[in-house]
Amino acid sequence: MLRLLILSAAIILGGCQAEPEPPTAWTLEREYDTDCLGWLSNAFQYEGVAYTSRGWGNDNHFMALNLVTGECTRAGNLPVGVRFQPRAATQAYLLASDGHFINYSIYDRTTWRRLGSIGLNSALRDLILRDDRLYALQSSRDGQSISVFTVPDLEFVEERALALTGYGGSLPLQDGFLLASQRDERVHLTVIDLNGRAVREHSIRAVEPDPTRNCPPSLQPLGANAVLLQAACGSYAVVDVATFAVRYTVALDADASFAEAYLSDGILYLLAEHSDPHHGGLTRFEPVLFDFVTGERIGALPALTSNSGLHIQVGDRLIWATHVRTRAHVQVFDLRARPAR
């Protein structure tokens, strides 16, 4: 009897453990102004550091900004007269596109010496950069393909055509790419390996789209095991990467053209994007909060505004950068913070 009482008490106490309470306001950890981001749309983040280039002048160089602290460092010299856009990185290398041409270069992240360059006929969409290989998705009038290059000299190895139709979102995985395309009122998901072979396929019925609008499917990572799929305007699904099972669906205002997704402490933040011509052309983002496990709506936060800024999650922080004249104003929000009791 005593054992049953102890067991019952343990079950009751365990059942009383409350889930983390969702925030009711943004918690601003810090904010700073910086000229270390250059063009915000060209910034690339790797392990909490945003890389951009000063560009064009006689003192052309990479810049590295610690997005949390605001510390800016000079990261290496670049050729004069060319703007570089970082695209991928490892502990050893950084890959960047070169100026207005479809050229790419790899730099040593210790010496910042350029190790290899290549010019292509079409731009690289998504990239997987390994120690000795670069795998790149490309789209052209002839279809989609994976191109393979050696690292770091960027010598062309081969191009592998993909037997896929339609164009949609794509996302690099550990050993391949996840692709999404829409046709026949369905969103088709395909995982291709690094040899260009389709290893898993599945389709999900899409909400009947508004004939006056077009929201092609898009993919955003949610941790290591799930993605947020935009199936149609205002219609989203949280999909398990390993099984393609739809964990649940989420409906937002169909007037929102897109929703940015962030995940922290078991809470899914969806920031629905709305154009706001009455406020100086700023875009308004209305955050809705969901329990990541169940998909239950659990709250909302005040809207944030931006002007084609840089929005990046670093750990449990949301970095929100916007243009202010010639500089960037950066706000660092702590997503773990909860309201005081």
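Bear in mind the structure is a predicted one, so any value in this text is a computation, not a measurement.
Atom-to-atom distance recorded for R87:CZ and F44:CZ is 9.0 Å, nearest 0.5 angstrom. Here the SG-CE distance, from C72 to M63, works out to 6.0 Å after rounding to the nearest 0.5 Å. The CG atom of L304 lies 8.0 Å from the NE2 atom of H311; values are rounded to the nearest 0.5 Å. The CG atom of L154 sits 11.0 Å away from atom CG of N103, with the distance rounded to the nearest 0.5 Å. The distance from atom CG of L268 to atom CG of L222, rounded to the nearest 0.5 Å, is 6.0 Å. To the nearest 0.5 Å, atoms CG (L173) and CG (L171) are separated by 6.0 Å.
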Where do R200 and D193 land on the salt bridge (Lys or Arg N to Asp or Glu O under 4.0 Å) test, with the steps shown first? CA-CA 9 Å; R200 282 189 292 122; D193 65 16; over 6 Å; no
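Applying the 6.0 Å contact sphere to CD of E158 captures more than 12 heavy atoms from other residues, nucleotides or ligands.
Listed by chain and residue number, nothing satisfies the ring pair (Phe, Tyr, Trp, His ring centres under 6.0 Å) test with H329 (two or more places apart in sequence, or in another chain).
There is no path of hydrophobic side-chain contacts, each under 4.5 Å, that joins V241 to L263. V288 and V238 fall within a single hydrophobic cluster, where Ile, Leu, Val, Met, Phe, Trp and Tyr side chains are chained together by heavy-atom contacts under 4.5 Å. Residues V314 and L37 share a hydrophobic cluster, clusters being chains of Ile/Leu/Val/Met/Phe/Trp/Tyr side chains in contact below 4.5 Å. L194 and V191 are members of different hydrophobic clusters when ILVMFWY side chains are connected at heavy-atom separations under 4.5 Å. Linking ILVMFWY residues whenever their side-chain heavy atoms come closer than 4.5 Å, directly or via other members, leaves L178 and L162 in distinct clusters.
Each of L65, L67, N66 was evaluated against T69; a single residue qualifies, N66, per the side chain to side chain contact (heavy atoms under 4.5 Å, CB included) test. Among S105, S53, S117, the one residue that satisfies the side-chain hydrogen bond (donor to acceptor under 3.5 Å, both in side chains) test with D98 is S105. Checked options W26, F258, Y269, W320; the residue passing with F285 is W320 (criterion: ring-ring contact (aromatic ring centres under 6.0 Å, His included)).
Counting only distance, with no hydrogens or angles, the side chain of Q313 and the backbone of G315 share a donor-acceptor pair below 3.5 Å. Q230 places no side-chain N or O within 3.5 Å of a backbone atom of Q220 that could act as its donor or acceptor partner. Between the N307 side chain and the H323 main chain, a donor and an acceptor come within less than 3.5 Å of each other.
E155 and T150 share no donor-acceptor pair across their side chains, judged by distance under 3.5 Å alone. Between the side chains of R30 and Q331, no donor-acceptor pair is found at a separation under 3.5 Å. Side chains of E47 and Q91: a donor on one and an acceptor on the other come within 3.5 Å. Side-chain atoms of E273 and T283 form no donor-acceptor pair, as typed in the model, at a separation below 3.5 Å. A donor-acceptor contact closer than 3.5 angstrom links the side chains of S264 and D316. Between Y32 and R327, the side chains place no donor N or O within less than 3.5 Å of an acceptor N or O (distance only, hydrogens not considered).
Residues Y107 and F62 place their aromatic rings such that the two centres sit under 6.0 Å apart.
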